[in-house]
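Computed from a prediction, not measured in an experiment: that's the story for all the values here. Per chain, numbering begins at 1; letters A, B, ... match sequence-line order.
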2 protein chains.
Amino acid sequence: MELSERKLKILRAIISSYIQEGEAVGSRTISKKHNMGISSATVRNEMSDLEELGYLIQPHTSAGRVPTDKAYRLYVNGLMKSTSVGKYSEQINRILQEEINEMNSFIKNSARILSNFTHYTSFAMTPQLKESKLKHIQLVPVSDKKILLVIVTENNIIKNVVFNMSSSIPQDQLNRISNLLTAKLSGVKLSMLNRELKNEIMHEIYSIRESFDEKLDELMVLLMNTANQYEKVELYYNGLTNILNYPEYSDTNKAKELLSFVEDKESFTKALLNVEGKDLSILIGKENEFEQIKECSIVTATYKLNGIIIGKVGLIGPTRMDYKNVISMIKSLSFNINKLINENYTDIKRSETDG
Amino acid sequence: MELSERKLKILRAIISSYIQEGEAVGSRTISKKHNMGISSATVRNEMSDLEELGYLIQPHTSAGRVPTDKAYRLYVNGLMKSTSVGKYSEQINRILQEEINEMNSFIKNSARILSNFTHYTSFAMTPQLKESKLKHIQLVPVSDKKILLVIVTENNIIKNVVFNMSSSIPQDQLNRISNLLTAKLSGVKLSMLNRELKNEIMHEIYSIRESFDEKLDELMVLLMNTANQYEKVELYYNGLTNILNYPEYSDTNKAKELLSFVEDKESFTKALLNVEGKDLSILIGKENEFEQIKECSIVTATYKLNGIIIGKVGLIGPTRMDYKNVISMIKSLSFNINKLINENYTDIKRSETDG
DNA sequence: CTTAGCACTCATTAAGGGAGAGTGCTAACA
DNA sequence: TGTTAGCACTCTCCCTTAATGAGTGCTAAG
């Protein structure tokens, strides 16, 4: 059944009001404050219909009405006035620039911006790199038997891993091995590292016959074994306590339940990875998979590198979320993230000085 | 005025009970449950004295009594049965080992252990390195004009900074510069980097006359300018929401006030740095400097490298904290942190292969 | 010095009773 | 047929009142 123009108008008014005030909306409020030129009785009739259709519920008989998840869904799908990329775009761009040099700081900064501007709890995932290609490998001596492996991807993203070797390798050999590995592995995807590639490369390398074979072998094993670590995604939050601003969570137990869920990075990351990778995804209330967040909405945006999604930013708040503002904000943010990432972390032809 | 043996016994019983239950303790409870062989009336007389002496207060006339900060101070200073290094020491050691290779992960892990074992909110500061000496410097090409600077200190701690250069430097030159910088700067304290040292070193280097002077100059300026960044301390939390378990914070506003304070890493770090650097420091209630935590206790332990304090771990909770357990736990933890750090991150004679 | 006894205090809880917000329904009106 | 005024009804919220009970301080006797 299609909703009449008037029903839509009333529904929108109710949703707006509820998002603002957080209290059940009565017919009189709508009739008066939103100058509909319609009496409260008429509004009541319409509201009664809207309730029957599943867009509204009454907390109790003599309360006003509250929008359902279905109503919010309708709202974000088009009922709210569509939002352009927000007015804060330039400001966001400026703040993002401040931490552009290092990817993780950049992402951390993104989360901070989002919660500062929206007053919800924000989060940001660092890039997944399994599809990234290696560009440069550098081994750095740390201590006698510890070696730092620095990986630079073609996206200019940097990863560190420390290895424990069974015996020490002198500096000049480390440099030679670094050059060798860079030459052999550059252009190879991180996700390919842990395959039979190792044997193949070892074969090639053995044919050159260097004097540090057995060490190189051990090194390769370690390198391959820890390859899956590079996929490890970090999650940053900001504004966890913002949740406590909303009357929905004035009950400590409710607040605790939600905060504990969010604070547990592992399960929350899992939940986020499950979210479909659309440019902008909005999950409202019971659309969420996990019980603890079925009264929340999660808005996430992706960021891409060369067209491939590598991470997500977003925020979580009560279903009564200021979607309009939030969406405008998150669009601005992800627009700027994408722009800056692709300016600063994009694939570049390998420098001729390599190898 | 000295407290009589009996007064001390009663006070200890009250504190224990209040730490356990979180509710004002009455004379009857003490007389009965702690089998003192003393009537409640006698206990009342003693409690009245203790109140006059500032060890107890009554929330209201007909409530039992609650220990004051002064009472907790007495308690931790010796009233509670002294704690040995706890029984979980081995378990802690095992868990710490899992993330031993990289300092920041190690510290993050420490915070996790602390909150998991105590159910309070824990925190851990990453090492301050201004007193650390450089051991190795490696420049790694990232993109055309971006260079990664990897610093390894004599403590085997690794720091990364990405620079933007005005022009590109080929790989082989980067290696030569790296070697040069390692040779010139190893043994130098990080805190010395931003001084006139630069000019001195440049002087020396100029005398060697390489072909890339102006780039090196730029690089040195960047390196020196960002030197203060190496001191930047990171703060990790764990179990933020544990605070919500305690009835003291069943009021959302109180919880929010505290959580916001703790969540603000900058000001909280500042607060922590102000704490005197004893092996074990306990700040009870109003002993804390900041208004927002004057109803909390903060227990911190330091960790050292070669006898120098480089960081802190600790936890925050209501003044009604289970000091006995907490102190035992944190002693175990810091003991193991110190042990492992000094095994894995201790100064080592520079390898002969350097330079 | 200790303790039994007792009056007193005060938080907590439950019950009762407006007040107010909002509804549903009906009947009249355009 | 849709709209609206009117009204009874419902239910929450808040205030008051009263009962309960935990715990105290004081006194007087042991």
Side-chain angles (χ1 to χ4, degrees), chain A residues 1-11 13-15 17-18 20-68 71 247-248 250-251, chain B residues 1-11 13-15 17-18 20-68 71 247-248 250-251:
Chain A
M1 172 192 180
E2 263 310 318
L3 293 178
S4 72
E5 199 52 48
R6 193 172 65 180
K7 278 197 175 58
L8 290 174
K9 200 172 164 193
I10 290 173
L11 186 54
I14 293 173
I15 294 174
S17 168
Y18 188 65
Q20 280 300 314
E21 316 290 341
E23 279 176 12
V25 186
S27 54
R28 226 179 115 80
T29 314
I30 297 303
S31 149
K32 290 255 163 158
K33 302 238 172 98
H34 295 256
N35 54 329
M36 298 245 160
I38 236 176
S39 82
S40 67
T42 310
V43 174
R44 272 204 292 284
N45 287 331
E46 297 286 48
M47 282 166 86
S48 180
D49 289 353
L50 285 167
E51 179 165 6
E52 216 167 302
L53 292 165
Y55 292 103
L56 297 175
I57 46 163
Q58 283 184 288
H60 55 264
T61 356
S62 78
R65 259 118 173 163
V66 167
T68 61
E248 283 85 341
S250 62
D251 174 32
Chain B
M1 173 195 181
E2 264 310 319
L3 293 178
S4 71
E5 199 53 48
R6 192 172 68 183
K7 279 198 174 60
L8 289 175
K9 200 172 166 194
I10 290 174
L11 186 54
I14 293 174
I15 294 174
S17 168
Y18 189 66
Q20 280 300 314
E21 316 290 341
E23 278 175 15
V25 186
S27 55
R28 229 179 111 81
T29 315
I30 296 303
S31 149
K32 290 253 166 161
K33 303 239 169 95
H34 295 256
N35 55 328
M36 299 245 160
I38 238 175
S39 81
S40 66
T42 311
V43 174
R44 272 204 292 286
N45 288 330
E46 296 287 49
M47 283 166 85
S48 179
D49 289 352
L50 286 168
E51 180 165 3
E52 214 167 304
L53 291 166
Y55 292 104
L56 297 175
I57 45 163
Q58 283 184 289
H60 55 266
T61 357
S62 79
R65 259 119 174 162
V66 167
T68 60
E248 282 86 340
S250 61
D251 174 32

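- Remark: A:Ser4 engages A:Arg6, A:Lys7, A:Glu46 in a side-chain contact (heavy atoms from CB on, under 4.5 Å) (not counting sequence neighbours).
- When all heavy atoms of B:Gly64 and B:Pro59 are compared, the closest pair comes out as O-CD, 3.4 Å.
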All N/O pairs under 3.5 Å across the protein-nucleotides 18-20 of chain D interface:
none

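- To the nearest 0.5 Å, the span separating CG on A:Leu56 from CG on A:Asp49 amounts to 10.5 Å.
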Exercise. Once each nucleotide of nucleotides 10-16 of chain D is scored for protein heavy atoms under 4.0 Å, what B/S/- sequence comes out, 5' to 3'?
Worked result: BBS----
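- For the pair B:Leu50 CG and D:dG25 P, the interatomic distance rounds to 12 Å; values are reported in whole Å.
- Taking all atoms of both residues into account, the shortest heavy-atom contact from A:His34 to A:Ala13 is ND1-CB, 3.7 Å.
- Straight-line distance from the CE atom of A:Met47 to the P atom of D:dT3: 16 Å, rounded to whole Å.
- Counting heavy atoms of neighbouring residues, nucleotides and ligands inside a 6.0 Å radius, atom CD of A:Glu23 does not exceed 12 of them.
- Partners of A:Thr61 according to the side-chain contact (heavy atoms from CB on, under 4.5 Å) rule, which considers only residues two or more places apart in sequence or in another chain, do not exist here.
- Straight-line distance from the CE atom of A:Met36 to the P atom of D:dT3: 13 Å, rounded to whole Å.
- The distance from atom CD of B:Glu23 to atom P of C:dA11 is 15 Å, rounded to the nearest whole Å.
- Near DNA chain C, defined here as any heavy-atom distance below 4.0 Å, there are no residues from residues 24-34 of chain B.
- If you take CD1 on B:Ile38 and NZ on B:Lys9, they are separated by 7.5 Å, rounding to the nearest 0.5 Å.
- Following rounding to the nearest Å, B:Gln58 (CD) and C:dT9 (P) show an atom-to-atom distance of 14 Å.
- Not counting sequence neighbours, A:Asn45 has no partner by the side-chain contact (heavy atoms from CB on, under 4.5 Å) test.
- Taking the screw axis at each terminus of the helix from C:dC1-D:dG30 to C:dA30-D:dT1 from five consecutive base pairs, the angle between the two is 20° to within rounding of 10 degrees.
- Summarising the geometry of B:Thr68 relative to B:Gly54, their closest heavy-atom pair is OG1-O, 2.7 Å, with the distance given to 0.1 Å.
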Scan nucleotides 5-8 of chain D against the protein and return all N/O pairs shorter than 3.5 Å with their distances rounded to 0.1 Å.
{"residue": "D:dG6", "atom": "O6", "partner": "A:Arg44", "partner atom": "NH2", "Å": "3.2"}

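- When the side-chain hydrogen bond (donor to acceptor under 3.5 Å, both in side chains) test is applied to A:Ser39, the partners found at least two apart in sequence or on another chain are A:Thr42.
- Remark: B:Arg6 is in phosphate contact with C:dT2, judged by side-chain N or O atoms under 4.0 Å from OP1 or OP2.
- Rounding to whole angstrom units, CD of residue A:Glu51 and C1' of C:dG24 are separated by 11 Å.
- Rounding to the nearest 0.5 Å gives a distance of 14.0 Å between CD1 of A:Ile10 and OH of A:Tyr55.
- For the pair A:Asp49 CG and D:dT3 C1', the computed distance is 14 Å after rounding to whole Å.
- Taking each heavy atom of B:Val25 and B:Ile14 in turn, the nearest pair found is CG2-O, 3.7 Å.
- With rounding to whole Å, B:Asn45 atom CG is found 9 Å from C:dC1 atom C1'.
- Scored by the salt bridge (Lys or Arg N to Asp or Glu O under 4.0 Å) test, A:Glu51 finds A:Arg65 as partners (sequence neighbours excluded).
- Contacts of A:Ser40 classified as side-chain contact (heavy atoms from CB on, under 4.5 Å), with partners at least two apart in sequence or in another chain: A:Ser27, A:Arg28, A:Ser31, A:Arg44.
- Atom CG of residue B:Leu50 and atom CG of residue B:Leu8 lie 8.5 Å apart, to the nearest 0.5 angstrom.
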